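In what follows, chains are A, B, ... by sequence order, proteins preceding strands, each numbered from 1. All values derive from a computational prediction rather than experimental measurement.
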There are 2 protein chains.
Amino acid sequence: MKESNSNSTGVKEIARLANVSIGTVDRVIHNRKGVSDETRKKVNAIIEELNFRPNKMASLLARRDQVNIGVLIPKTSSETNYWSYPLVGITQAVDELKQFGVSVTHFFYDLDSKNSFTTASEQILAADLQGVLLAPSFIEESLMLTKKLTEANIPFVFINSDLPRQESLSYIGPDLFQSGRLAAQIISMMAREADDIFIVNISTELELDHHLLRKEQGFRKYFEEHNIANTILTLNINHTDNQSVKKQLSKALASAPNARVLFVTNSRVNVVARVLADHPQKLILIGYDFIEENIRCLENESISFIISQRPKEQGYQGIMALYKHLFGLGDAERTNYMPIDIITKENFHYYKN
Amino acid sequence: MKESNSNSTGVKEIARLANVSIGTVDRVIHNRKGVSDETRKKVNAIIEELNFRPNKMASLLARRDQVNIGVLIPKTSSETNYWSYPLVGITQAVDELKQFGVSVTHFFYDLDSKNSFTTASEQILAADLQGVLLAPSFIEESLMLTKKLTEANIPFVFINSDLPRQESLSYIGPDLFQSGRLAAQIISMMAREADDIFIVNISTELELDHHLLRKEQGFRKYFEEHNIANTILTLNINHTDNQSVKKQLSKALASAPNARVLFVTNSRVNVVARVLADHPQKLILIGYDFIEENIRCLENESISFIISQRPKEQGYQGIMALYKHLFGLGDAERTNYMPIDIITKENFHYYKN
DNA sequence: CTGAAAGCGCTTACAG
DNA sequence: CTGAAAGCGCTTACAG
């Protein structure tokens, strides 16, 4: 290790060259008022010439700002641990950033209860927050919240699903349509000509929204574009318990003897795998989300493919986007689509996102 | 934004509580000598109690250490731009770290010339480097270098391929065997019973080493384990030009009329795609590496799947591992296998690694 | 073995 | 509009 030569560039050197004080240099760097045009020009010219970039560490150290970010996401339920992954990413980001004065306050809601979302929203608005990261699962309720946040001038970032036309800083999450296309491509390569294909949407009315439909649209679009002749059937199951799924699925399969491939449009694919365990014919199953239940099904080969969209990274990038914005370190893109990962029995072990 | 309450913990506060100077606190924190056992204990107790973690920024700022890391990787050739991706990751890491005093000196070698590797090695040893990131493409030559580095007490990290039993800090790259298994799984799901499968190794003698063989081993292992009956043939092509590939491939395919799936064990899969363009039968192609030539083949559907192992991230993590080690911020695992990503026409667009 | 002082490269009141 | 001084939380000589 060597020590740096300290006569290098820095506010001090710039001040010397411009014949001003370092305070003035600081004012120019941050576009603060109280500097004559002439001085500003002179200093800026030198900054240009030296290609000066302020030392972020020193800056952060001297400012000792603290920001508290509110995080509003569903709580991990007994049904799925999906939301534990974004949480890991959030925690990781905060661990890296706490030395820069970033902290987080968590607010969880229940995916089965709009009320819990509204309650959490009120807590968020009452808290002293400088930014909010949220998963806007309920559209109307989310709009209520983001409207207030916008009024209060509190920046926010969406993860996992988007609410277009909002004043959000960023959306970080999947491109649902495209992920449906990817599922279609994989299936089209595996299916035989005579195979019928089922699209299975499992969802209570609460959730049966744009989400699953967008995936279905992408899926069907792919088959259309490629003129693939397989019959594609849709099965909507609006109860999520094993019994209901089993009943409706059995009925549907009984009436479609050629069905050999099932595309389940959300993480409940493991429920399908389970109720299909005693099905006479071997079916090909593909579904969504890197959650423990699904991984176990990959292991026992009852599910062939899982599509995952880096839940951990969504949380991580969400916090990072807020941090950079709050500290004036640059803004992320408005829309950030995650890579669409294909997970199987042979590669889930190294998947860390 | 709020300002932090500055009466919080810090060396100053610890010094006050322990009735010593902050210099002594610093000595204890970093286990420097010149502190009596008694004082050390007293200070450590307080550090414990306050759960004190030194402020990394302030520490880095005060130390103003500079490290220069040597990077030894193949140069991007006209044949493949593979190595431009790790380079992107390296550059990104250095951009983030230069504020912490990290810089990089690049040394490139030619994958077709062991000599160029040796020459670059000498330059590395002559340079004033605090760490080295290298892709040890040539085993003997790499061993020569790492031996000297170890003697000189310069830490090094391997990316892309590993040299076990070396004193490297870390290996960051693929698990070749497992990626072969993954290829086998995908193919086993797509192939019909009557299809013959070709494993195609394209490589000049220089490279025809453990690399491709490990992938082939993983591939065959999967088929064995699953008792899949397809015939698996191996074709070794030891010239990399289009003409040679075309000739040997045509010959092999002529003698195997049932061949319908080709697994190419490296990035040259695009060459195969090209020479197969006028092949009468539609073949399924799967190969390695997220490089432009291969992406184009995904687009025109002449390649079905590409396996990629996050080349960008390898470079990024390699630099990070060295940085953390050099600044005493913790060491990475000895072996870091990258996720094994499956890339197709429908998801390459969002793949950023 | 220990302390006091200067300094890292910035920012922030405060004074003029 | 501008400057001088103090401070962010550490580390580094230097003195004793």
Tell me the interatomic distance from [X], atom [atom1], to [N], atom [atom2], rounded to whole angstroms.
X     : N      : atom1 : atom2 : answer
B/R40 : C/dC1  : CZ    : P     : 9 Å
B/E13 : D/dC10 : CD    : P     : 11 Å
B/Q99 : C/dC10 : CD    : P     : 11 Å
B/I22 : C/dG7  : CD1   : P     : 15 Å
A/Q66 : C/dT12 : CD    : P     : 14 Å
A/K12 : C/dA6  : NZ    : P     : 14 Å
A/H30 : C/dC10 : NE2   : C1'   : 8 Å

*Measure from the side chain of A/A62, starting at C-beta and using heavy atoms only, and say which of D/dG7, C/dG3, C/dT2 lies closest.*
D/dG7
Within the distance-only criterion (no hydrogens, no angle test), does the side chain of [X] pair as donor or acceptor with the backbone N or O of [Y] below 3.5 angstrom?
X      : Y      : value
B/N81  : B/S84  : no
B/T150 : B/T146 : yes
B/T24  : B/V20  : no

*Nearest nucleotide by nearest heavy atom, which residue falls closer to the 5' end of DNA chain D, B/I29 or A/K33?*
A/K33
*asked:* Please name the nucleotide paired to C/dA15 by Watson-Crick or G-U wobble geometry with both distances under 3.5 Å, or report none.
replied: D/dT2
Just N and O in the side chain of [X]: are any of them under 4.0 Å from OP1 or OP2 of [N]?
X     : N      : answer
A/R32 : C/dT12 : yes
A/T24 : D/dT2  : no
B/T39 : C/dT2  : yes

_For DNA chain C, the residues among residues 42-61 of chain A that have a non-hydrogen atom under 4.0 Å from it_ = A/F52, A/P54, A/N55, A/A58, A/S59
*Could you tell me whether the side chains of A/N68 and A/S103 share a donor-acceptor contact shorter than 3.5 Å?*
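Side chains of A/N68 and A/S103: pair found under 3.5 Å.
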_Distance-only donor-acceptor check, side chains A/Y109 and A/S137, under 3.5 Å_ = yes
*Are the aromatic rings of A/F108 and A/H106 close, with centres under 6.0 Å apart?*
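Yes.
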*B/F158 and B/S170, any side-chain heavy atoms less than 4.5 Å apart*: no
*Any N/O donor-acceptor pair, B/R27 side-chain to C/dG3 base, under 3.5 Å*: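 Such a pair exists between side chain and base.
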